[in-house]
Amino acid sequence: MSLSQTGDRLPASGAARGRQRAPRGLAPILLPTFSLLIVLLAINYFNPRAISYFGFNLMLNLAVPVTLATMAQLCVITVNDLDLSIGAYVGFIACVAATLLASRPWVGAAIILGSVALYAALGALVYLRQLPSIVVTVGMSFVWLGLALLILPTPGGQAPGWLHALVSISPPFVPFPILAALVIAGVMHVVLMQTAFGTLLRGAGGNEAAMARAGWSMLRIKITAYALAGLFGSLAGMALVGVTTSADANMANNYTLLAVAGAILGGAEFTGGRISPIGAVIGALTLQLAAVALNFFRLPDLLPGFRIPSEWQVGAQGLILILILAVRAVISRSEP
Amino acid sequence: MTLSPRTALLSHWAKQPWLWSFFGALGVYGLVLVFARGHGAWNVLTTALAFSAFTVLVGIGQMFVITLGPGNIDLSLPATIGFASAVAMKVMDGADSRIVLGLAAAVGAGWAIGTLNYLLIRLLRIPPLIATLSSSFVIRSVGISYGRGLQIVPPPGFAYLTTARIGGISLLALLVLAFSAIAALLVKRTVYGRSVLAIGQNMRAARLAGIPVGRVRWLTYTLCGGLGGLCGAFLAGFTGGSSLDVGAEYLLTSIAVVVIGGTSVAGGMANVPGLWGGALMLFMTSTLLNASGLGVGARDLFTGLIIITVITLAGGMRQARQG
Amino acid sequence: MDREIVRLESVAKSFGVVQALAGVDLSLISGEAIGLVGHNGAGKSTLMNVLSGTMAPSSGRITVQGAAPANYSVGVAKSLGIRCVFQELSLCPNLTVAENTRITHPKLRGFGWRRRAASLIQAKLDEIFPGHGISPHIPVFELSIGRRQMVEIARAFTVTDAPLHLVILDEPTSSLDQHSSEQLLNFTRRFVASGGSTVMISHILGEILNYSDHIVVMRDGKVVKNGPADAFDRSKLIVAMGGSAEAHTAPAQAGHVTTIDAKLRVESRPKARAGGLELRARAGEIIGLAGLAGQGQSEMLVDLFGAATHATLRHKVDGTAAFVAGDRQTDGVFPLWSIAENITICSLGQLRKGLFISPLRAEALAQSWRQRIGIRTPDLQNNILSLSGGNQQKALFARALGSNAAIILMDDPMRGVDISTKLEVYAIIREEAARGRTFIWYTTEMDELEYCDRVYIFRSGQIVSQLERHELSEARLIHSSFQEVA
């Protein structure tokens with residue numbers, strides 16, 4: 001009798017622990033949010049006028065394409081892969097949008113849809129031949145870059161008017177980039193974290209063999225994840241050219257880094273399907289603001305002989321990433 | 001056991017994944033010759049060897065890093081090469097007497113970057129991809145300010161050494177060939193090599209087998225950095241001066257030759273001879289595309305397609321063998 | 001024969017030259033609990049994989065409820081009411097318990113699926129493991145291995161749209177402590193009483209004998225004995241599996257004598273919580289770590305292993321250590337390597353000739369241990385995964401024993417290993433201890449503790465009790481494991 005009582009009480013302590021741990025569901029988002037706040041405070045300190053409707057519109061004018069590219073990367077990370085071609089792809093779509101989509105809309109739309117299909121096929125290839133996604137996508141980055149150069153050998157082109165109008169919307173009270181980020185975060189959170197469908201994608205990242213055993217087609221899951229990445233990458237390319245109005249094959253090359261960094265900054269792990277879409281959106285915004293904030297710090301004056309400002313911007317983004325990950329390491333180490 | 005010696009030998013060769021990279025290189029070489037109508041066959045080959053030497057040099061380092069297991073990759077190589085080339089030229093200062101010192105400084109700089117990478121990975125528990133990517137930007141920034149206004153030409157002796165040919169074959173290629181032999185011995189016959197392979201297959205099991213995982217990983221990242229540094233110095237001598245962008249193309253190619261050469265990207269299996277096959281094949285390919293006079297866009301497109309084709313075929317081979 | 005659920009007729013399966021199943025005939029009827037026993041490599045797991053549709057048989061016929069489905073697969077098996085709890089867990093660690101339930105139940109979708117999945121799995125957990133303390137919204141990676149096993153089992157017994165007739169349990173109790181094991185076994189009896197069927201594979205013969213209606217014994221890919229449970233007893237089962245009955249007598253009464261003044265090798269306390277007793281191990285001693293599963297025994301072993309290489313204040317470890325993993329896939333095996341390379345990895349230092357490893361010496365070391373510990377393989381250059389589980393485990397023992405380590409740390413290494421392999425390894429452990437090696441052995445099996453000179457019982461990360469060999473009994477063990485709340 002005493003035995004069965006013990007048996008009941010022993011696991012009970014485990015239940016208490018489970019309850020304690022429940023709020024950890026929020027933890028992945030806390031740190032990105034905190035870092036976003038710090039960057040905002042820094043901007044506010046150096047240039048209070050930037051914290052305004054127009055200020056955010058200016059500072060975050062490229063945030064929408066970056067956030068969309070981050071979401072594309074997140075879809076691939078969810079199924080344990082990594083896409084090192086997303087930057088080149090966004091550039092390619094931007095070139096298509098600035099040329100064919102404007103001159104012959106149907107052809108342009110068909111090419112973009114075809115590209116999404118190619119992404120899906122890539123997912124099938126990676127799964128069927130069990131190829132490392134990193135290397136396949138490194139190869140693909142050359143393919144997209146080559147195609148972009150074929151379509152638009154020299155920088156130029158003209159974005160369709162409707163695309164420019166779309167990203168120039170001025171909603172009341174909330175600046176468009178912030179509104180867009182909120183919508184993207186909300187949609188992705190529901191799709192990946194809440195729906196039964198998203199659970200399948202994350203499950204594939206967590207334990208591929210188990211998914212196959214439960215009767216799910218891993219092929220279909222990979223295809224879906226890559227197709228989603230292609231879709232978001234296409235949206236990113238169109239949003240980008242909508243903002244810049246003209247295109248260049250190499251214009252989005254650094255998006256590959258930004259997208260990985262944003263997803264990781266937002267709490268995603270590299271493997272195991274542990275992701276946080278809301279965190280990733282916050283991460284993308286943080287990196288974007290950090291690069292802008294650098295201009296307010298007037299770094300060029302502090303470093304005489306400074307030649308390539310954009311280099312320092314990306315370098316600063318790298319440093320911020322290191323810093324945030326360091327804080328994360330310290331936090332996880334201090335946890336019992 | 002019932003296999004005849006001949007089929008046994010065949011199946012032994014079929015199991016050598018690096019062989020395919022040489023077949024590929026040979027195939028493209030044939031196409032180049034067809035394009036050139038058979039002219040300059042020897043010249044194309046020796047040029048390919050000379051250029052492949054650099055690729056293989058960084059490829060060896062990248063191979064050891066990749067063999068450490070999933071997620072291990074050194075993305076800071078281009079920055080390391082650029083930075084080390086500047087360091088080498090500054091230390092040599094155009095004087096033949098300081099060549100050795102300059103080489104040591106370049107390797108030392110690469111070694112330090114490798115250590116930095118490992119410290120980031122270890123202390124901050126960052127995935128190597130992010131660690132090396134982030135550090136590469138810091139290194140670039142440092143390189144820019146360090147190499148500001150640098151227009152130093154290599155010492156004449158050094159320029160000569162890096163471009164010298166013995167019987168038509170580049171001295172550097174012979175040197176890197178020797179390096180490759182050492183690397184192959186390192187993989188197959190040393191405790192260090194076995195440790196890298198073990199860590200790449202299962203890090204936790206490696207630790208529980210008593211392998212000093214931290215030290216081996218640190219050594220590997222410094223090895224990769226050091227070889228990158230050496231490559232930077234050689235490139236500066238070869239091209240007649242340092243440039244920060246001199247290493248840019250080696251990010252893709254270092255990964256590509258490792259993979260084409262039959263090293264497992266999942267880690268735990270390294271292959272040195274394949275690096276040469278991969279490097280030769282890539283060089284032949286770009287020679288072919290240059291010779292055919294296609295634009296930059298088409299060249300990029302083809303390069304990408306070839307990488308994907310090769311990896312698809314190589315991956316298929318691996319799968320067939322396991323099945 | 002309307003009670004028949006599944007019939008297998010001359011089902012065979014081969015992997016290359018290895019014949020895992022050599023023509024199996026088996027009939028499973030409803031309302032019956034079947035116990036399936038056999039050595040590792042006897043074909044039990046393959047049979048279960050075929051039955052659950054994850055592997056297609058090379059030849060033979062599978063009939064489910066009178067009809068032979070054309071393309072028998074996981075989906076078909078599921079729709080016909082056949083489920084399987086695999087030995088290696090099939091949960092996605094990043095998903096919550098409820099989300100994992102959704103993975104096996106396609107019907108759980110649409111609005112409100114999370115709530116439905118949560119209440120479904122919660123109810124089943126409550127039914128099978130009352131007092132389990134698992135929240136359906138906790139991610140699986142935060143659960144202990146035992147709790148994961150509970151979730152896995154409960155998930156297999158949940159019902160949405162597909163019917164549930166037969167549940168295959170492959171070593172279901174291997175990660176469960178005794179209390180949860182009993183809960184599970186009692187539940188299966190209730191399930192069977194209500195008309196369901198179970199097939200349970202277990203190496204714990206007591207479970208098979210006490211909880212089955214019908215016992216099937218497999219050997220070399222065939223069913224060699226098939227009959228009602230009361231026709232068997234422990235020794236008959238062992239004989240049928242191919243072991244000799246007399247081989248499995250309790251270990252020699254007279255344990256080898258350890259002199260009290262033998263060198264003290266280990267002096268340490270577990271680090272999870274302060275207090276508790278101290279573990280001491282001398283040269284030549286076999287020390288057992290016991291208690292319920294997951295009370296800090298494995299962690300202590302890993303700590304001791306670390307302490308053997310880096311000095312720490314908490315542990316005094318005098319001598320080199322080697323580790324024998326229990327969880328082969330995650331802690332032990334190097335899957336790309338040959339058997340020989342897997343064996344020699346701990347001994348590379350002593351196999352060196354100058355800078356390089358001597359292939360001759362490596363080969364000699366591997367060969368000598370292949371002989372001594374009896375690894376069954378035609379060639380040591382074959383891949384390690386070509387071995388059956390038990391032989392892989394032997395290779396891991398050879399790795400540790402072949403090194404010059406003075407202390408061998410064993411982390412429940414006999415999990416899922418057949419009895420004859422166990423007996424062979426026990427004998428070698430005793431030999432090596434007699435030569436002065438120290439063994440520290442975490443085990444969940446009472447039988448194995450009888451080989452130990454002294455047993456430390458763990459509870460909540462502390463050593464709460466210490467039993468000398470002559471004091472050891474199952475009753476005292478259970479008493480100490482649960483004492484706190486009694």
Side-chain angles (χ1 to χ4, degrees), chain A residues 1-25 27-28 77-80 190 192-217 221 267-276 336, chain C residues 52-54 73-79 84 86 88-96 98-100 102-106 108-110 113-114 117 129-135 137-144 146-147 150 177-180 182-183 292 459-460 478-479 481-486:
Chain A
M1 201 55 234
S2 70
L3 255 185
S4 79
Q5 276 173 2
T6 350
D8 283 336
R9 285 186 62 177
L10 266 181
S13 66
R17 209 169 63 224
R19 255 178 257 120
Q20 264 177 8
R21 284 188 181 191
R24 273 202 195 168
I77 288 180
T78 304
V79 293
N80 273 353
V190 170
L192 284 178
M193 307 305 285
Q194 301 273 327
T195 64
F197 161 78
T199 303
L200 291 184
L201 287 191
R202 285 182 296 129
N207 187 343
E208 216 173 280
M211 295 300 291
R213 266 185 196 162
W216 298 102
S217 157
I221 289 175
E269 308 271 340
F270 259 108
T271 53
R274 287 164 70 179
I275 52 159
S276 164
Chain C
S52 61
T54 43
S73 66
V74 184
V76 175
K78 258 171 70 182
S79 66
C84 189
F86 290 95
E88 61 281 25
L89 299 176
S90 312
L91 297 172
C92 299
N94 57 327
L95 302 184
T96 65
E99 286 171 338
N100 268 293
R102 183 263 181 278
I103 297 294
T104 50
H105 289 286
L108 290 172
R109 60 193 155 87
W113 69 271
R114 288 154 78 85
F129 303 106
H132 53 84
I134 302 167
S135 155
H137 298 297
I138 194 168
V140 166
F141 71 85
E142 293 192 7
L143 296 175
S144 69
R147 289 217 168 92
M150 293 183 192
D177 59 46
Q178 188 147 4
H179 179 67
S180 322
E182 271 166 29
Q183 288 181 326
L292 296 175
R459 197 176 60 223
S460 312
I478 292 173
H479 183 72
S481 301
F482 287 96
Q483 204 175 29
E484 189 177 1
V485 235

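Below, all heavy atoms of this structure are taken into account, side chains as well, without hydrogens, waters or symmetry copies. The chains referred to below are lettered A, B, ... by the order of the sequence lines, with proteins before strands, and numbering in each begins at 1.
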Might you point out which heavy atoms bring [X] and [Y] nearest each other, and give the distance in Å?
| X | Y | value |
| --- | --- | --- |
| Ala196(A) | Arg109(C) | CB-CB, 3.6 Å |
| Ser90(C) | Ala210(A) | O-CB, 3.1 Å |
| Gly206(A) | Pro93(C) | O-CD, 3.6 Å |
| Asn94(C) | Arg274(A) | CB-CG, 3.4 Å |

Query raised in the report: Hey, are Thr199(A) and Arg102(C) close enough side-chain-wise for a donor-acceptor pair under 3.5 Å?
Result: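 Distance-only check fails for Arg102(C) and Thr199(A).
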Report task. Examine whether an atom of Arg114(C) lies under 4.5 Å from a heavy atom of chain A, and if so say whether it belongs to the side chain, the backbone or both; otherwise answer neither. Result ->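 When you check distances to chain A, only side chain atoms of Arg114(C) fall under 4.5 Å.
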Query raised in the report: Given that the side chain runs from C-beta out, which part of Pro106(C) has a heavy atom under 4.5 Å from chain A: side chain, backbone, both or neither?
Result: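 Both parts, heavy atoms under 4.5 Å.
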Query raised in the report: How would you list, by chain and number, every residue that makes a side-chain hydrogen bond (donor to acceptor under 3.5 Å, both in side chains) with Ser180(C), sequence neighbours excluded?
Result: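 Counting only residues at least two positions away or on another chain, Ser180(C) forms a side-chain hydrogen bond (donor to acceptor under 3.5 Å, both in side chains) with Asp177(C).
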**Report entry** Option in Val140(C), Leu91(C), Thr96(C), Thr104(C) with maximal non-hydrogen atom pairs under 4.5 Å from chain A
**Finding:**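 When all of Val140(C), Leu91(C), Thr96(C), Thr104(C) are compared, Leu91(C) has the most.
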**Report entry** Check: Leu95(C) main-chain N/O paired with Arg202(A) side-chain donor or acceptor under 3.5 Å
**Finding:**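 No.
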Report task. Hey, could you give me the SG/CZ distance between Cys84(C) and Arg213(A), rounded to the nearest 0.5 Å? Result ->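 Spacing of SG (Cys84(C)) from CZ (Arg213(A)) equals 7.5 Å.
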Query - Gap between atom CD of Glu99(C) and atom CE of Met193(A) - 0.5 Å precision - result: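 Answer for the CE-CD pair, Met193(A) versus Glu99(C), is 7.0 Å.
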Requested in this report: Find out whether Met211(A) and Ile103(C) are in side-chain contact, i.e. whether some heavy atom of one side chain is under 4.5 Å from a heavy atom of the other.
Outcome: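 Contact flag for Met211(A)/Ile103(C) side chains = yes.
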Report task. Heavy-atom distances under 4.5 Å only: say whether Glu208(A) touches chain C with side chain, backbone, both or neither. Result ->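 No part of it gets close to chain C.
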